Amino acid sequence: MRVMVIVKATKESEAGELPSQELLTAMMNYNEELVKAGILLAGDGLKPTSKGARVHFDGAERTVIDGPFAETKELIAGYWLWEIGSMEEAIEWVKRCPNPMPGPSDIEIRPLYGLDDFGDLATPEMREQYDRMHEEGEKLAKRP
């Protein structure tokens with residue numbers, strides 16, 4: 001099962017405050033444990049929304065909105081993508097994580113959809129396309 005582990009943003013992360021060297025070291029060590037366990041597929045911290053943009057869709061219309069996104073209640077400060085045996089195992093790994101923020105913080109775990117989740121809607125052609133895309137994505141991820 002693949003899951004996305006989402007680190008929720010805080011006032012400090014949205015202000016662009018960087019972690020302490022101690023926290024950065026602890027997170028690097030934790031990430032290394034995830035790699036050694038064969039769980040980590042990808043993961044990074046995200047810069048504040050002030051550095052980002054959104055594209056709003058309404059039918060055929062597209063509107064670009066520059067950050068920051070202060071009106072949003074829950075923002076994301078970082079993520080991991082894991083291949084893991086179960087939701088329970090993912091929860092246990094998150095409980096081992098250093099607190100990613102200087103104060104109170106939250107980490108959310110969400111299972112990813114796989115093509116099998118779409119049942120008969122996923123045609124054999126879609127399955128071939130899905131496999132090709134994932135193979136190409138893996139090649140891109142291995143680039144220096």
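Index from 1, following the sequence. Remember, it's a predicted structure, so these values are computed and weren't measured experimentally.
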Checklist entry - Do V55 and T63 have side chains that get closer than 4.5 Å, going by heavy atoms? => result no
Item to check | Cluster check V7, I109: I/L/V/M/F/W/Y, side chain < 4.5 angstrom | outcome: yes
Checklist entry - Can you tell me how far the CZ atom of R54 sits from the CZ atom of F57, to the nearest 0.5 Å? => result 13.0 Å
Checklist outcome for this item: Residues passing the salt bridge (Lys or Arg N to Asp or Glu O under 4.0 Å) test with E135, sequence neighbours excluded, are none
Item to check | Side chain to side chain, V5 and Y79, heavy atoms closer than 4.5 Å | outcome: no
Next on the checklist: Hydrophobic cluster membership, with links at side-chain heavy-atom distances under 4.5 Å among I/L/V/M/F/W/Y: are M1 and I107 in one?
Outcome noted: yes
Checklist entry - Hey, is the main chain of W93 close enough, under 3.5 Å, to the side chain of Y30 for a donor-acceptor pair? => result yes
Next on the checklist: For residues V3 and V94: do they belong to one hydrophobic cluster (side chain heavy atoms under 4.5 Å, members Ile, Leu, Val, Met, Phe, Trp, Tyr)?
Outcome noted: yes
Item to check | Path from I6 to L81 over hydrophobic side-chain contacts below 4.5 Å | outcome: yes
Next on the checklist: Any heavy-atom pair between the side chains of M4 and L112 that's under 4.5 Å?
Outcome noted: yes
Checklist entry - Quick one: does E136's side chain have a donor or acceptor within less than 3.5 Å of a partner on R132's backbone? => result no
Checklist entry - Would you call E12 and M101 a side-chain contact if the rule is heavy atoms closer than 4.5 Å? => result no
Checklist entry - Where do E125 and R127 land on the salt bridge (charged side-chain N to carboxylate O under 4.0 Å, His left out) test, with the steps shown first? => result CA-CA 5 Å; E125 295 81 14; R127 291 180 188 285; over 6 Å; no
Item to check | Distance in Å, C97 SG paired with L34 CG, rounded so as to fall on 0.5 Å steps | outcome: 8.0 Å
Checklist entry - Just by modelled atom types, is the R62 backbone N or O under 3.5 Å from a matching donor or acceptor in the D58 side chain? => result no
Checklist entry - Looking at CD of E88 and CD of E92, how far apart are the two atoms once the value is rounded to the nearest 0.5 Å? => result 9.0 Å
Side-chain polar contacts of residues 16-29 - donor-acceptor pairs under 3.5 angstrom, sequence neighbours left out - could you list them?
from : atom 1 : to  : atom 2 : distance (Å)
S20  : OG     : L23 : N      : 3.0
T25  : OG1    : Q21 : O      : 2.9
N29  : ND2    : T25 : O      : 3.4

Checklist entry - For the atom pair CD1 (I91) and CZ (R96), what is the distance rounded to the nearest 0.5 Å? => result 14.5 Å
Checklist entry - Does M87 reach the side chain of P111, with side-chain heavy atoms less than 4.5 Å apart? => result yes
Item to check | Minimum side-chain heavy-atom gap M126-D131 below 4.5 Å | outcome: no
Under 3.5 Å, side-chain donor or acceptor atoms of residues 35-51 against the rest of the protein: list the pairs with distances, not counting sequence neighbours.
from : atom 1 : to  : atom 2 : distance (Å)
T49  : OG1    : E14 : OE1    : 2.5
T49  : OG1    : F69 : N      : 3.1

